[in-house]
Amino acid sequence: MLTPMALEWEQIIVDSSDPVALGRWWAEALGWVVVDETEEIIEIRPAPDQMPGLLFVPVPEGKTSKNRLHPDFRPDDQKAEVARLLSLGARHADTVQDEQHWVTLLDPEGNEFCVLGERRS
């Protein structure tokens, strides 16, 4: 039987056409801090010494289909949080959302994320 190795979740890499702009957008949306930035990359975290973080890196191609991985967020007030994110530049995804307890949004480069409603018992 193999013993599992200890793994620490460091970060998620986000491919982007404009990594610095997208990273700054997510930093504002999440209330996170920039911990590393160059002309081409930016890393954000919840706090300087807290992981995991998001590392935004440049890629030459644009997004062409639905993300295979996306974050879900559960705010205290879904309606207010959706409005705040839309005011920052998010937009609604073209998905049917009748009777769902989440709202699917897109960041400025079209990456999907969901804003969940109240936790159901």
Side-chain angles (χ1 to χ4, degrees):
M1 184 168 186
L2 295 175
T3 303
M5 295 181 67
L7 294 174
E8 182 178 6
W9 182 3
E10 176 99 8
Q11 60 199 5
I12 292 177
I13 308 301
V14 181
D15 292 346
S16 174
S17 61
D18 187 349
V20 173
L22 188 61
R24 289 194 169 282
W25 187 88
W26 275 105
E28 184 173 359
L30 296 171
W32 287 16
V33 297
V34 174
V35 296
D36 188 21
E37 180 177 349
T38 69
E39 290 182 11
E40 292 191 345
I41 63 102
I42 185 170
E43 182 181 359
I44 65 172
R45 293 183 188 168
D49 295 328
Q50 185 180 353
M51 293 184 271
L54 296 173
L55 177 64
F56 297 83
V57 300
V59 294
E61 69 278 356
K63 183 175 179 300
T64 59
S65 64
K66 183 178 182 286
N67 290 30
R68 306 239 8 213
L69 174 73
H70 75 259
D72 287 350
F73 302 101
R74 190 179 305 279
D76 292 334
D77 183 336
Q78 180 191 43
K79 186 176 179 179
E81 188 60 16
V82 167
R84 184 185 76 83
L85 292 164
L86 291 170
S87 76
L88 292 176
R91 58 191 192 281
H92 284 279
D94 294 330
T95 58
V96 177
Q97 296 181 336
D98 294 337
E99 299 184 36
Q100 294 177 348
H101 67 279
W102 66 87
V103 176
T104 304
L105 297 178
L106 305 174
D107 73 12
E109 289 196 12
N111 298 300
E112 298 89 2
F113 64 99
C114 292
V115 181
L116 306 176
E118 265 186 49
R119 189 175 304 276
R120 295 182 177 182
S121 330

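For this chain, numbers begin at 1 and follow the sequence in order.
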Do [X] and [Y] belong to the same hydrophobic cluster, where Ile, Leu, Val, Met, Phe, Trp and Tyr are linked whenever their side-chain heavy atoms lie under 4.5 Å apart, directly or via other members?
X	Y	answer
Met51	Trp26	no
Leu22	Leu30	yes
Val14	Leu106	no

Are [X] and [Y] side-chain neighbours, meaning at least one heavy-atom pair lies under 4.5 Å?
X	Y	value
Glu118	His101	no
Thr104	His92	no
Phe56	Trp25	no

Hits for side-chain hydrogen bond (donor to acceptor under 3.5 Å, both in side chains) against Lys63, two or more places apart or cross-chain, chain-then-number order -> Asn67, Glu112
Rounded to the nearest 0.5 angstrom, the CG-CD1 distance for Leu55 and Ile13 is 4.0 Å
Run through the side-chain heavy atoms of Ile, Leu, Val, Met, Phe, Trp and Tyr, join any pair under 4.5 Å, and report what else lands in Val35's cluster. Val33
Within the distance-only criterion (no hydrogens, no angle test), does the side chain of [X] pair as donor or acceptor with the backbone N or O of [Y] below 3.5 angstrom?
X	Y	answer
Arg74	Gly117	yes
Gln78	Val115	yes
Arg91	Asp107	yes

With Asp72 via side chain to side chain contact (heavy atoms under 4.5 Å, CB included) - residues at least two apart: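 By the side chain to side chain contact (heavy atoms under 4.5 Å, CB included) rule, Asp72 matches His70, Cys114, Leu116.
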Locate the shortest heavy-atom distance separating [X] from [Y]; write the atom from each residue and the value.
X	Y	value
Ile41	Pro58	CG2-CD, 4.0 Å
Pro46	Pro52	CD-O, 3.4 Å
Gly23	Ile42	CA-CG2, 3.6 Å
Ile44	Ala27	CD1-N, 3.6 Å

The complete set of side-chain hydrogen bond (donor to acceptor under 3.5 Å, both in side chains) pairs with one or both residues in residues 32-41, sequence neighbours excluded, reads Arg24-Glu37
What pairs of residues pass the side-chain hydrogen bond (donor to acceptor under 3.5 Å, both in side chains) test when at least one of them lies in residues 1-16, not counting sequence neighbours?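 Sorted pair list: Ser16-Glu109.
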When the side chains of residues 81-88 are checked against the rest of the protein, which donor-acceptor pairs come out under 3.5 Å, sequence neighbours left out?
residue : atom : partner : partner atom : Å
Glu81   : OE1  : Arg84   : NE           : 3.1
Glu81   : OE2  : Arg84   : NE           : 3.1
Glu81   : OE2  : Arg84   : NH2          : 2.6
Arg84   : NH2  : Ala29   : O            : 2.5
Ser87   : OG   : Arg84   : O            : 2.6

In terms of heavy-atom contacts, does CD of Glu28 have more than 12 from other residues, nucleotides or ligands at under 6.0 Å?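 It does not: Glu28 CD has 12 such atoms or fewer within range.
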Between Phe113 and Phe73, what is the ring plane arrangement, given parallel below 30°, perpendicular above 60°, and tilted in between?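 Ring orientation of Phe113 relative to Phe73: perpendicular.
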